[in-house]
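All remarks here apply to the structure that follows.
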Amino acid sequence: MAVLSTPLHYLTSVPPVTRYFTLATVAFSSLYLWIWWSAEATYIPYLTLVPGSSLFYPWTFVSSALVEASLWELAFSLIVIPASLRYFERLWGSLEILKFILICVTGPNLIAFAFNWIEYAAIGDADMFLYGMQYHGQMALFTSFLVAFTQIIPEHQVQIFGLFRVRVKRLPMVYMTFSVVMTLLGFQCPYITIQFGWFVSWIYLRFYKRNVTDTLGGVVTYGDRSETFALTSWFPPFLHTPVSALANTVYKIATRLRLVPSSFPQDIESGYSQVPGGARAEAERRRALALKALDQRLAHSSSNLPGQSGPSGQPSRPSPPASAPVIAEQRGSVSEADVADPTGSTESEG
């Protein structure tokens, strides 16, 4: 009885969104493979995203991500996607991970749909660009999870195939390079969605994802405006100047059009106006104060040691801890650059 209850106990321990998304992937992929094997049909527009037919089957902008067209693609997705989903669902919650899935699946599909229609308008080959490509699978979602891992644990090292180690922050660009190579070789579908998935997930995590910070008593903030997650951080140094200029221009326009929300509410910002940078600066200020208190305590304990005395026999007085205010000032200045200015007038999006 204990042996039979173990799989059931494992399934019930899996978070709901992870559980149902995995089951839906298995169901839709099995249906696709069964139709392809029994009817020998290679054109299934009601399950996959076909740019020339998707307007008649709008649900495919979402459901196509649940379809893996081969057994090896299905095996790869079942290995990496549920584990990532489970990790982030426990970290963010079921509602936030569901929003993340919908945005990082629908967004790249919409861009791919528009991109194929642009190619058709420019070249005029409907058989290739409108009906010859069927977008499917979870490559865009996998890229989105790599971006999310880069945001949370960028310096963590992982071992790939047991051969070499690489930092997590390098993985999205490695996958992007693979996508570019496959696209240039003529395999645009579905590998180009890797690039679209990276772009959509970074925009969402940078500006729109809802966060509840404990620093200010549960205040809701949006996005991650830190310099370590800026757009330039994804590119080599020689491209930082043009990428930063382009990103700043687009960011200012989006801010003026109110397309980008403030990183934290205006009333909270005014209530903590004495703290530079908002929530992140408040956290840095508290760390600096704790460090200062620790330095003072260590200095006080060292002055009470019986063996330490000056030449006149009096206990030597320790020098005042001057490092803590300097650290606090430096961290405060760094935190001011981490949070974007809601008006977009002085802060740049590099």
Side-chain angles (χ1 to χ4, degrees), residues 25-26 28-37 39-55 57 60-81 84 101 103-147 150 160-161 163 166 170-202 234-236:
T25 300
V26 174
F28 275 78
S29 300
S30 300
L31 177 62
Y32 176 89
L33 293 173
W34 179 78
I35 295 174
W36 173 79
W37 178 77
E40 296 183 356
T42 58
Y43 178 73
I44 310 176
Y46 48 87
L47 289 179
T48 58
L49 178 66
V50 181
S53 305
S54 296
L55 291 178
Y57 308 101
T60 56
F61 286 97
V62 178
S63 64
S64 60
L66 301 173
V67 176
E68 296 292 0
S70 63
L71 292 177
W72 75 268
E73 290 178 351
L74 178 60
F76 179 79
S77 295
L78 292 180
I79 292 174
V80 299
I81 298 298
S84 302
I101 292 173
I103 291 172
C104 296
V105 164
T106 308
N109 283 340
L110 287 172
I111 298 176
F113 172 82
F115 187 74
N116 274 58
W117 273 96
I118 293 174
E119 289 179 315
Y120 165 69
I123 300 176
D125 192 346
D127 292 335
M128 175 181 292
F129 297 112
L130 298 186
Y131 301 100
M133 298 184 185
Q134 300 186 70
Y135 290 97
H136 63 278
Q138 299 173 8
M139 292 184 180
L141 184 60
F142 178 58
T143 312
S144 302
F145 281 127
L146 290 181
V147 173
T150 301
I160 300 179
F161 303 122
L163 300 177
V166 62
R170 307 297 183 193
L171 292 178
M173 287 297 103
V174 173
Y175 203 35
M176 283 275 291
T177 303
F178 169 73
S179 169
V180 172
V181 171
M182 296 301 292
T183 302
L184 293 178
L185 291 178
F187 301 96
Q188 174 178 317
C189 176
Y191 294 101
I192 199 171
T193 58
I194 296 174
Q195 305 170 42
F196 301 150
W198 165 78
F199 185 63
V200 170
S201 61
W202 176 80
W234 301 98
F235 297 92

- Verify, without hydrogens or angle tests, whether Asn116 (side chain) and Leu130 (backbone) share a donor-acceptor contact under 3.5 angstrom. no

- Please report the shortest heavy-atom distance between Phe142 and Tyr175, naming the atom on each side. CD2-CE2, 3.4 Å

- From Ser30 atom OG to Leu74 atom CG, the distance as rounded to the nearest 0.5 Å: 6.5 Å

- Message: Given 3.5 Å as the limit, does a donor-acceptor pair link the side chain of Ser29 with the main chain of Leu66, or not?
- Response: yes

- Item | Contact summary for Pro108 and Gly197, nearest pair of heavy atoms | CG-CA, 3.6 Å

- Message: Among Thr60, Val67, Leu49, which residue satisfies the side-chain contact (heavy atoms from CB on, under 4.5 Å) criterion with Tyr135?
- Response: Leu49

- Query: Which atoms form the tightest heavy-atom contact between Trp117 and Pro51, and what is the distance?
  - Reply: NE1-O, 3.1 Å

- Item | Gap separating the NE2 atom of His136 from the CG atom of Asn109, nearest 0.5 angstrom | 11.0 Å

- Intermediate values then yes/no, side chain to side chain contact (heavy atoms under 4.5 Å, CB included), Phe145 and Ile81: CA-CA 8 Å; Phe145 281 127; Ile81 298 298; 4.2 Å; yes

- Message: If we ignore hydrogens and angles and just use 3.5 Å, is the side chain of Glu68 paired with the main-chain N or O of Tyr32 as donor and acceptor?
- Response: no

- Inter-residue atom distance Leu31.CG - Leu47.CG, 0.5 Å rounding: 5.0 Å

- Query: Would you say Met173 has more than 12 foreign heavy atoms packed within less than 6.0 Å of its CE?
  - Reply: yes

- Around atom CZ of Phe235, are there more than 12 heavy atoms of other residues, nucleotides or ligands at under 6.0 Å? yes

- Ser53: partners by side chain to side chain contact (heavy atoms under 4.5 Å, CB included), with sequence neighbours left out: Tyr43, Pro45, Val50, Tyr57, Tyr131

- Item | side chain to side chain donor-acceptor pair (under 3.5 Å) contacts in which one or both residues fall within residues 190-201, not counting sequence neighbours | Ser179-Gln195

- When rounded to the nearest 0.5 Å, the distance separating CE of Met139 from CD of Glu73 is 5.0 Å

- Item | Spacing of Gln188 atom CD and Ile192 atom CD1 [to the nearest 0.5 Å] | 4.5 Å

- Query: What do you reckon, is CG of Leu71 surrounded by more than 12 foreign heavy atoms closer than 6.0 Å?
  - Reply: no

- Message: Return the OG1 to CD1 distance between Thr177 and Ile194, rounded to the nearest 0.5 Å.
- Response: 10.5 Å

- Please indicate whether Trp234 has more than 12 foreign heavy atoms, meaning atoms of other residues, nucleotides or ligands, lying under 6.0 Å from its CH2. yes

- Item | Contacts of Ile111 that satisfy side chain to side chain contact (heavy atoms under 4.5 Å, CB included) - sequence neighbours left out | Phe196, Val200

